[in-house]
Amino acid sequence: MVTAIKVTKFGVRASAVLLAGTTWFALATAAQAQQAPAPGPVAQQPAPLPEALEKRTIRTLRVEGTQRLEPETVLSYTRLRVGQTYTTESLDQAIRDVLASELLADVTIEGVESGDIVLRVRENPVINRVILEGNKRLKDDKIVKEIKLAPRQMFTRTAVRADVARIVELYRRQGRFAATVEPKMVSLDQNRVDIVFEVREGPKSKVRQINIIGNEQFSDGKLRGEMATKQARITTIMSSNTSYDQDRLAYDQQKLRQFYLTEGYADFRVVSAVAELTPDKRDFIITYVIEEGPRYKFGKVSVDSNIRDFDDEALAKGLAMKEGDWYNAKLVEDTIDQLSETAGAFGYAFANVSPDFQRDREKLTMTINFNIAEARRTYVERIDITGNTQTQDKVIRREMRLAEGDAFNTFLVKRSQDRINSLGYFNEKFEIEQKEGSAPDRVILTANVEEKSTGELTLSAGFSSLERFIFQGSIRQRNFRGKGQDLRLSADYSSYSKSVELGFTEPYLFDQNVALGGTIFRRDYNSFNYLGTDRRTTYQQVSTGGQVVLGVPLTEYWTLSGRYSLTHDSVTLDENTFFTSGVCDPLKAGRYLCEALGKRWTSAVGLSLIYDSLNSRLRPTRGQRLVLGTDFAGLGGDVKYLRGRFDADKYWNIGSGFIFSAGLEGGYIHSLEDAAAGVDPVRITDRFFLGEPQFRGFDIRGVGPRIQRVSYTGTVAGGNQALITNEDQIFDDAIGGRAYYLGKLELEIPLGAGAREMGIRPSIFFMAGANWGVREPNKTATFTQATDSSGNLLFNADGSPSLLPIQTPQFDSEGRALYAVSLGDSVAPGALTTCSIGYSETAGGACTGTSINTRYNLQTDPFIENFLGNSPKPRLSVGIGVNWNSPFGPLRLDLAHAFLTQKGDDTKLFTFNVGTSF
């Protein structure tokens with residue numbers, strides 16, 4: 001319904017005038033605009049002409065009332081001319097012709113009796129503005145570019161109807177079939193109007209129910225699962241496929257056909273597919289009527305090749321389908337691709353493979369003969385590269401496994417495609433196109449790339465269960481100067497670690513297939529343990545150094561990489577907490593930590609042998625990667641060891657969006673130095689540690705050798721000493737191992753299109769690993785068993801020996817003995833002094849007074865140290881995880897249960913990281 005409002009200079013006077021027949025609705029079928037009188041000033045019916053008008057001659061002919069139109073323009077739409085005769089019918093036709101032009105709102109004819117004909121007209125108004133109201137789901141810019149009405153155009157009712165239909169169609173495409181659009185017109189002076197489209201968007205129309213009639217072999221649920229359209233349920237709340245879409249309805253019919261054809265029902269057909277809109281226009285009910293037909297088996301399967309290089313029988317034996325198997329149309333399509341690729345691998349780029357079906361309806365068999373048409377061996381005529389505005393041609397061409405003039409090979413084309421995709425410079429859907437060349441035996445390969453941003457600037461803050469608050473900043477260009485070079489600078493800060501790193505890699509040194517890279521870095525790492533929920537820093541490690549890496553490919557998939565690194569490590573402890581008289585105190589820190597202190601240079605050279613056939617280095621879905629590496633430290637420096645590591649991963653695309661992966665890694669380090677008994681020759685900073693985030697289900701460094709210090713409670717005199725059982729009061733230090741392994745099985749689960757657009761990728765996983773191999777450290781202290789006045793040994797109530805605390809004499813910073821002034825002294829009772837008799841206000845000063853002071857000792861209550869976790873037995877965990885590219889940065893959530901552990905392991909059920917890479 002169109003409402004006209006007239007505005008004058010004396011005020012605003014509104015009157016609702018019915019100008020359109022019905023309100024516009026979006027129905028299940030295409031929204032149709034109903035015929036209606038023109039919105040705007042109401043067109044008056046022309047005065048009735050005399051019924052019996054004799055033929056008369058037009059003496060004069062003029063047009064009155066025009067403002068913008070020329071009178072001649074109005075007359076051009078009529079057949080009236082001066083000197084011609086006219087009748088009632090000719091005048092009526094003239095009025096109809098002029099109104100049909102949609103230039104005028106009203107036309108009347110005067111002077112009928114005299115022959116002085118006057119066409120009195122009222123022009124259609126000019127549009128001043130087009131206004132949209134009520135549209136929230138569709139912004140103005142989305143609608144304006146679709147409609148035809150615009151300012152300074154002539155208003156016509158046809159244009160209004162067409163634009164209403166266009167707006168309704170836009171909402172229909174969004175699944176809002178209850179949307180209505182009501183056009184209104186506001187009259188202004190100078191015969192101008194504002195057109196207002198009032199939109200009532202309504203709710204999104206969902207698919208309430210999908211009914212299937214005629215299925216006997218498969219359940220409704222099974223068939224619904226094959227469709228893209230989903231029923232609106234709580235379980236599909238994240239899916240965008242619960243709204244009705246006409247195109248998706250046709251797609252679902254095709255999906256049903258594909259499903260039945262893969263199950264052997266070659267005669268299957270969809271009889272009808274009807275979508276009904278509920279009366280409230282909120283939901284759709286879709287009903288499919290199908291005929292399944294009988295199930296077929298494969299009959300004889302043969303290959304008839306007209307290419308002389310091929311053996312028909314050998315090809316037929318290599319096919320996946322066999323006579324007597326259930327018919328599968330997908331297997332037929334895969335076989336066509338397989339034979340085409342086989343032909344392409346032999347250089348026949350345009351080999352045509354066509355299956356010939358012979359259906360036996362009585363025996364229910366499908367006999368197939370694959371005919372390979374005669375073809376010429378093909379050669380690469382030219383390789384065209386287009387779309388690269390920043391990346392140099394040579395960066396792309398050096399990844400091509402084919403050169404101009406080479407024999408065509410589909411395997412090498414696919415490998416080239418994978419290598420270019422792995423660069424990460426272009427959109428992932430890149431494919432190399434094959435076109436016929438200038439001759440039948442020539443092919444042109446076209447790499448039409450679409451570049452994406454390769455520069456990265458990151459400034460982020462986050463929180464993780466591992467590192468608490470995290471601040472990160474990095475800048476990286478993975479395609480520096482368009483030459484494929486990698487330049488990066490990063491800095492990280494958290495309560496757990498701090499680092500800054502600058503690196504550069506040239507993948508093709510001097511345009512040769514040799515990669516050279518270098519890195520300089522500074523890393524500060526704080527090791528810690530827990531006492532309850534209180535995290536205590538144990539030792540600090542500061543590493544400063546650099547590394548140079550050189551990589552040389554051996555074959556298409558094998559690469560040999562060499563490296564040299566020089567690192568300076570400084571390991572310290574908090575002197576206020578763990579030192580006594582300027583020396584590391586084993587009773588406070590543990591003997592194993594005191595032994596790790598010092599500054600050392602490590603000069604190491606290493607080699608790695610790498611096999612890589614992944615289809616993408618960023619997010620692989622198929623292929624495998626193997627890294628075997630060894631490092632030797634001892635080319636100068638203070639540290640000597642030999643270390644080996646391996647890392648293997650394999651990915652399978654198992655269909656329907658599921659990605660299965662398996663990984664196994666491990667390592668061993670052997671010291672080339674001697675060490676005293678009870679001291680491991682491999683320093684704690686060079687050992688392997690295992691836990692979060694590599695091993696989900698366990699805390700940071702939660703797996704492997706560790707020392708637990710458990711204190712006693714009670715008093716010696718009472719004989720009631722007992723070990724603390726509260727885990728929150730036990731000191732737990734991970735000391736690492738010389739060997740480790742970690743295996744993982746993971747299945748990435750696909751979600752609906754809505755979840756994929758949000759970057760949500762859930763997975764389930766199973767992990768197994770262990771960390772072990774160090775010597776048991778020497779005990780930090782040995783406590784003396786208490787005796788009574790007669791020298792008899794004392795025991796606790798549970799039969800364990802009663803232990804005395806250790807009294808450690810204390811010294812000042814200059815090494816002078818400290819004494820405690822007697823509490824009975826009148827000058828400084830209880831004060832610490834360097835005087836054995838008397839007191840001095842300054843350390844080492846003259847002693848005054850006669851008090852006999854006692855030696856000042858620091859008491860350490862009895863404790864025991866348990867060496868735990870040094871076992872190669874596997875620890876096992878299982879769980880679910882989610883990767884999400886959230887608005888706050890990458891997010892990784894893991895819920896993992898460690899169901900097989902060893903004594904001393906620290907487990908962790910839930911972990912998350914925000915603002916860090918994963």
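A distance-only check finds no donor-acceptor pair linking the side chain of R152 to the backbone of I127 [under 3.5 Å]. T73 places no side-chain N or O within 3.5 Å of a backbone atom of L69 that could act as its donor or acceptor partner. A donor-acceptor pair under 3.5 Å is formed between the side chain of R233 and the backbone N or O of R208. Without hydrogens or angle criteria, R81 side chain to L61 main chain gives no donor-acceptor distance under 3.5 Å. A donor-acceptor contact shorter than 3.5 Å is absent between the side chain of R359 and the backbone of M366. Formation of a donor-acceptor pair under 3.5 Å by the D194 side chain with backbone atoms of R129 is found in this model. Under a 3.5 Å cut-off, the side chain of R173 and the backbone N or O of L170 do not form any donor-acceptor pair. S90 places no side-chain N or O within 3.5 Å of a backbone atom of Y86 that could act as its donor or acceptor partner.
Counting only N and O atoms by type, the side chains of E292 and Y260 include a donor and acceptor under 3.5 Å apart. In this model, a donor atom of one side chain and an acceptor atom of the other lie less than 3.5 Å apart for Q93 and R96. With 3.5 Å as the limit, one finds a donor-acceptor pair spanning the side chains of Y244 and Q246. Side-chain contact, E123 with T66: no donor N or O sits under 3.5 Å from an acceptor N or O. Side-chain contact of Q209 with Q231: a donor-acceptor pair under 3.5 Å is present, judged by distance alone.
Applying the salt bridge (charged side-chain N to carboxylate O under 4.0 Å, His left out) test to every pair with at least one member in residues 211-220, sequence neighbours left out, gives these pairs: D220-R224.
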Where do D163 and K148 land on the salt bridge (Lys or Arg N to Asp or Glu O under 4.0 Å) test, with the steps shown first? CA-CA 6 Å; D163 283 349; K148 302 302 181 183; over 6 Å; no
Starting from the C-alpha separation in whole Å, work towards a yes-or-no answer on ring pair (Phe, Tyr, Trp, His ring centres under 6.0 Å) for F177 and Y171. CA-CA 7 Å; F177 288 83; Y171 278 99; over 10 Å; no
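Outside the 6.0 Å centre-distance limit, the rings of Y327 and Y296 are not counted as a close aromatic pair.
Residues meeting the side-chain contact (heavy atoms from CB on, under 4.5 Å) test with P762, sequence neighbours left out: I749, L751, I760, V882. Residues meeting the side-chain hydrogen bond (donor to acceptor under 3.5 Å, both in side chains) test with E433, sequence neighbours left out: none. The side-chain hydrogen bond (donor to acceptor under 3.5 Å, both in side chains) check on D245 picks up nothing, with sequence neighbours excluded. Residues meeting the ring pair (Phe, Tyr, Trp, His ring centres under 6.0 Å) test with F430, sequence neighbours left out: none. By the side-chain hydrogen bond (donor to acceptor under 3.5 Å, both in side chains) test, E450 is found to be paired with N427, residues two or more places apart in sequence or in another chain being considered. By the side-chain hydrogen bond (donor to acceptor under 3.5 Å, both in side chains) test, T278 pairs with D280, sequence neighbours left out. Every residue two or more places apart in sequence or in another chain that forms a side-chain contact (heavy atoms from CB on, under 4.5 Å) with K222 is listed here: F218, S219, E226, F259. Remark: Q358 engages D356, T367 in a side-chain contact (heavy atoms from CB on, under 4.5 Å) (not counting sequence neighbours). Applying the side-chain contact (heavy atoms from CB on, under 4.5 Å) test to Q434 and every residue at least two apart in sequence or in another chain returns F408, V413, V443, L445.
Counting heavy atoms from C-beta outward, S243 and K204 have side chains that approach closer than 4.5 Å. No side-chain heavy atom of I213 sits less than 4.5 Å from a side-chain heavy atom of I290. With contacts defined as side-chain heavy-atom distances shorter than 4.5 Å, the pair F268/E291 does not qualify. You'll find the side chain of F197 reaches within 4.5 Å of the side chain of I167, heavy atoms only. No side-chain heavy atom of R442 sits under 4.5 Å from any side-chain heavy atom of E436. The shortest side-chain heavy-atom distance between D92 and T88 falls under the 4.5 Å cut-off.
The existence of a salt bridge linking K255 and D252 is excluded, since no basic side-chain nitrogen approaches an acidic carboxylate oxygen closer than 4.0 Å. For E110 and R120, the salt-bridge test passes: some basic side-chain N is under 4.0 Å from an acidic carboxylate O. A salt bridge links E198 with K184: the closest approach of a Lys/Arg side-chain nitrogen to an acidic carboxylate oxygen falls below 4.0 angstrom. Taking 4.0 Å as the cut-off between side-chain N and carboxylate O, D116 and R62 do not count as a salt-bridged pair. Between E169 and R166 there is no salt bridge, since no side-chain nitrogen of the basic residue lies less than 4.0 Å from a carboxylate oxygen of the acidic one. The pair K206-D283 does not meet the salt-bridge criterion, since no charged nitrogen lies less than 4.0 angstrom from a carboxylate oxygen.
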For residues 140-147, which side-chain donor-acceptor pairs fall under 3.5 Å, sequence neighbours excluded?
unit_1: D140; atom_1: OD1; unit_2: N135; atom_2: ND2; d: 2.7

Show me, pair by pair, the donor-acceptor contacts under 3.5 angstrom made by side chains of residues 381-388, not counting sequence neighbours?
unit_1: E381; atom_1: OE1; unit_2: S438; atom_2: N; d: 2.8
unit_1: E381; atom_1: OE1; unit_2: S438; atom_2: OG; d: 3.2
unit_1: E381; atom_1: OE2; unit_2: S438; atom_2: OG; d: 3.2
unit_1: R382; atom_1: NE; unit_2: D384; atom_2: OD1; d: 2.9
unit_1: R382; atom_1: NE; unit_2: D384; atom_2: OD2; d: 3.3
unit_1: R382; atom_1: NH2; unit_2: D384; atom_2: OD2; d: 3.3
unit_1: T386; atom_1: OG1; unit_2: N448; atom_2: OD1; d: 3.1
unit_1: N388; atom_1: ND2; unit_2: T391; atom_2: O; d: 2.9
unit_1: N388; atom_1: ND2; unit_2: D393; atom_2: OD1; d: 2.6

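A distance of 9.0 Å separates OG1 of T156 from CG of L103, quoted to the nearest 0.5 Å.
The minimum heavy-atom distance linking S205 with A178 is given by the pair OG-N, 4.1 Å. Nearest heavy-atom pair across T78 and A94 is CG2-O, 3.9 Å.
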